[in-house]
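Input: a single structure, listed below in structure tokens.
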Amino acid sequence: MDKLRIVGGNRLGGEVRISGAKNSALPILASTLLSSGVMRIGNLPHLHDITTMLELLGCMGVEVAINEDMSVEIDCRNVHSQVAPYDLVRTMRASILVLGPLLARYGVAEVSLPGGCAIGSRPVDLHLRGMEAMGAHIDVVDGYIKARAPEGGLKGANIFLDTVTVTGTENILMAAVLAKGTTVIENAAREPEVVDLANCLIAMGAKIRGAGTDTLVVEGVEQLNGAEFRVLPDRIETGTYLVAAGVTGGCVKTKDTDPLLLEAVLHKLEEAGAVITTGDDWIKLDMEGRRPKAVNVRTAPHPAFPTDMQAQFVVLNAVAEGTGTVIETVFENRFMHAQELVRMGADIHVEGNTAVVTGKEGLTGAPVMATDLRASASLVLAALVATGSTDVNRIYHIDRGYECIEEKFQQLGANIRRVSGR
Ligand code: EPZ
């Protein structure tokens with residue numbers, strides 16, 4: 001298995017282009033199943049998860065063509081299967097996002113139940129309850145979700161989500177756009193990726209109000225047409241590169257991004273002593289050679305501080321002046337990076353959903369192991385600032401969510417290379 005070998009100590013500097021958002025691209029690709037025309041999606045990141053989703057659509061009969069500008073043309077007019085098989089779903093739990101579109105467009109869906117994952121049990125009960133509220137009949141048999149819409153198709157319903165769920169909101173939204181009548185989704189997720197999906201559906205002819213608020217109102221329509229859409233920038237990739245500048249005392253400008261997508265993160269970085277300047281599509285962080293100051297962080301649904309930036313801020317606190325507390329309220333087991341960072345000399349005490357981090361001048365390189373996408377990114381950040389060499393193993397996690405990570409960090413002056421291991 002490949003690993004990333006990083007020799008720490010370089011102060012990062014320069015510019016880096018931010019890719020399209022994985023967590024927007026995935027629901028948008030799934031939504032193409034709803035279209036009676038041809039979709040053209042731009043700014044897709046070149047990530048393993050995107051390839052998996054395109055593979056999943058392909059095995060249903062969707063025709064995919066890559067254009068010279070790297071946009072993707074998707075034609076769902078000849079779909080012949082409504083099954084999402086286990087061998088694909090087990091590699092990417094976001095495959096569950098085809099459930100709503102298949103039910104809405106074809107009245108039937110068979111999707112392998114996604115298992116748990118390293119960061120938590122991550123059930124999909126709210127997805128299923130939302131579909132049932134719209135009249136779907138759902139059985140879970142042999143590890144598969146077998147769903148069938150009622151005669152005449154899904155019906156609009158009033159749905160209250162007990163927990164804010166990003167893909168749950170997205171799945172139910174996609175089911176509702178072709179349902180008969182009006183659907184109201186309360187306690188909906190407000191993440192920018194949910195708004196991006198809603199905007200794409202609206203471009204296809206859907207009638208949706210309230211995207212970005214906690215209440216979505218959907219008027220079902222007869223059919224959705226083809227459309228062109230460009231995926232929004234990845235706010236988590238943006239935040240990760242900004243924290244890399246923060247922990248190495250450097251100065252990095254992220255381009256093709258949007259500061260409005262990650263305001264909570266930018267406020268925390270300023271609190272840590274970074275000098276942040278922004279434009280419509282760029283963010284520059286200058287640490288002016290200083291160590292960051294420790295900050296307290298509490299993750300929660302958007303617009304609060306994002307859970308996907310939690311691991312990166314544990315690293316920032318690990319090398320900061322002072323002690324910072326990080327509270328994880330979204331997932332039940334999302335501090336696995338802590339033990340790996342302790343092996344690099346970090347002073348971290350995890351108690352339940354709280355990590356107390358006391359900053360140290362520096363960390364020391366060591367072989368470490370990635371467990372999930374964002375934890376692995378945090379290990380790369382730690383290695384960039386550690387003395388000596390670090391091997392980050394199991395980087396297939398990273399390749400799922402960070403496009404060309406070693407090239408982008410090399411461009412910023414990092415001593416990082418991919419080593420193919422056995
Ligand atoms: C999305 O996951 C993201 N993935 C995650 O990003 C992100 O961490 C998460 O939202 C939170 O922002 C994609 O968008 C593809 P949730 P999702 O449903 O939708 C509980 C990354 O690193 N819940 O918002 O799966 C759940 O257990 C990934 O890019 C239920 O109880 O997360 C969790 O505690 C990691 N029942 C909480 O809600 C349900 O039916 C929030 O999960 C659904 C969720």
Side-chain angles (χ1 to χ4, degrees), residues 23-24 26-34 82 84 89 93-116 120-141 144-191 193-202 204 206-221 224 301-302 330-331:
N23 291 349
S24 177
L26 291 171
I28 284 174
L29 288 174
S31 77
T32 62
L33 288 164
L34 293 161
Q82 287 79 31
V89 174
R93 40 177 313 102
S95 310
I96 187 76
L97 285 165
V98 301
L99 175 65
L102 288 173
L103 257 186
R105 178 85 191 281
Y106 303 98
V108 64
E110 203 172 304
V111 180
S112 170
L113 197 61
S121 59
R122 300 181 77 179
V124 291
D125 55 312
L126 298 175
H127 298 237
L128 305 186
R129 291 219 324 254
M131 309 293 161
E132 287 172 336
M134 287 188 269
H137 180 75
I138 293 184
D139 285 319
V140 179
V141 181
Y144 274 81
I145 300 163
K146 300 196 177 188
R148 182 169 298 284
E151 275 308 305
L154 296 176
K155 296 181 180 57
N158 289 335
I159 296 163
F160 183 88
L161 294 169
D162 295 348
T163 311
V164 175
T165 161
V166 173
T167 50
T169 301
E170 292 165 345
N171 230 339
I172 294 166
L173 176 61
M174 290 189 280
V177 294
L178 293 180
K180 303 269 180 308
T182 302
T183 297
V184 179
I185 307 170
E186 294 189 79
N187 201 26
R190 300 171 56 189
E191 272 66 8
E193 293 76 28
V194 177
V195 176
D196 215 34
L197 170 65
N199 289 336
C200 182
L201 291 167
I202 290 167
M204 294 158 74
K207 291 192 171 61
I208 301 168
R209 284 181 286 121
T213 74
D214 62 2
T215 303
L216 298 175
V217 180
V218 186
E219 306 293 337
V221 294
L224 293 184
H302 194 78
V330 176
F331 290 110

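Note that the structure is predicted; figures quoted are calculated from it, not measured.
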(message) Treating Asp139 as the side-chain partner and Lys146 as the backbone partner, does any N or O pair qualify as donor plus acceptor under 3.5 Å?
(response) no
(request) Take Leu26 and Glu193 through the test side chain to side chain contact (heavy atoms under 4.5 Å, CB included) and record every step on the way to the result. (result) CA-CA 10 Å; Leu26 291 171; Glu193 293 76 28; over 6 Å; no
(message) For the backbone of Ala176 and the side chain of Thr183, can you confirm whether one donor and one acceptor N or O come within less than 3.5 Å of each other?
(response) no
(message) Going by salt bridge (charged side-chain N to carboxylate O under 4.0 Å, His left out), name the pairs with one or both residues in residues 210-220, residues two or more places apart or in two chains.
(response) Arg209-Glu219
(request) Show your reasoning for whether side chain to side chain contact (heavy atoms under 4.5 Å, CB included) applies to Val89 and Ile96. (result) CA-CA 8 Å; Val89 174; Ile96 187 76; over 6 Å; no
(request) Can you sort out the partners of Ile202 under side chain to side chain contact (heavy atoms under 4.5 Å, CB included), two or more places apart, ordered by chain and number? (result) Asn199, Ile208
(message) Tell me which one of Leu178, Leu224, Leu33 satisfies side chain to side chain contact (heavy atoms under 4.5 Å, CB included) with Arg105.
(response) Leu178
(request) Determine the minimum heavy-atom distance between Val111 and Ser95, stating which atoms define it. (result) CG1-O, 4.3 Å
(request) For residues Ala198 and Ala211, report the shortest heavy-atom separation together with the two atoms involved. (result) CB-CB, 3.7 Å
(message) Can you tell me how far apart CE (Met134) and CD (Glu132) are? Round to the nearest 0.5 Å.
(response) 10.5 Å
(request) Check Asp196 against Ser24 and note the closest heavy-atom contact, atom names and distance. (result) OD2-OG, 2.6 Å
(message) As a test of understanding, state which of Leu201, Val195, Val194 forms a side chain to side chain contact (heavy atoms under 4.5 Å, CB included) with Leu197.
(response) Leu201
(request) For the pair Thr163 (side chain) and Thr165 (backbone), establish whether a donor and an acceptor sit closer than 3.5 Å, ignoring hydrogens and angles. (result) no
(message) Looking at every non-hydrogen atom in both residues, tell me the closest pair between Lys180 and Gly152 and how far apart they are.
(response) NZ-O, 3.1 Å
(request) Please say which of Thr169, Val184, Ile172, Ile159 ends up in a side chain to side chain contact (heavy atoms under 4.5 Å, CB included) with Leu216. (result) Thr169
(request) Please confirm whether the backbone N or O of Pro114 pairs with a side-chain atom of Arg93, one donor and one acceptor, at under 3.5 Å? (result) no
(message) Check whether Asp162 reaches the backbone of Leu126 with its side chain - one donor and one acceptor, N or O, closer than 3.5 Å.
(response) no
(request) Search all heavy atoms of Met174 against all heavy atoms of Pro101 and return the closest pair with its distance. (result) SD-CG, 3.6 Å
(message) Looking at every non-hydrogen atom in both residues, tell me the closest pair between Ala149 and Leu154 and how far apart they are.
(response) CB-CD2, 3.9 Å
(message) Let me confirm one number: the CD1-CG distance from Ile138 to Leu103, rounded to the nearest 0.5 Å.
(response) 6.0 Å
(message) Please report the interatomic distance CD(Gln82) to CG(Leu102), rounded to the nearest 0.5 Å.
(response) 6.0 Å
(message) How long is the straight-line distance from CG of Asn23 back to CD of Glu170, given to the nearest 0.5 Å?
(response) 8.0 Å
(message) To the closest 0.5 Å, what do you measure between CZ (Arg148) and NE2 (His137)?
(response) 9.0 Å
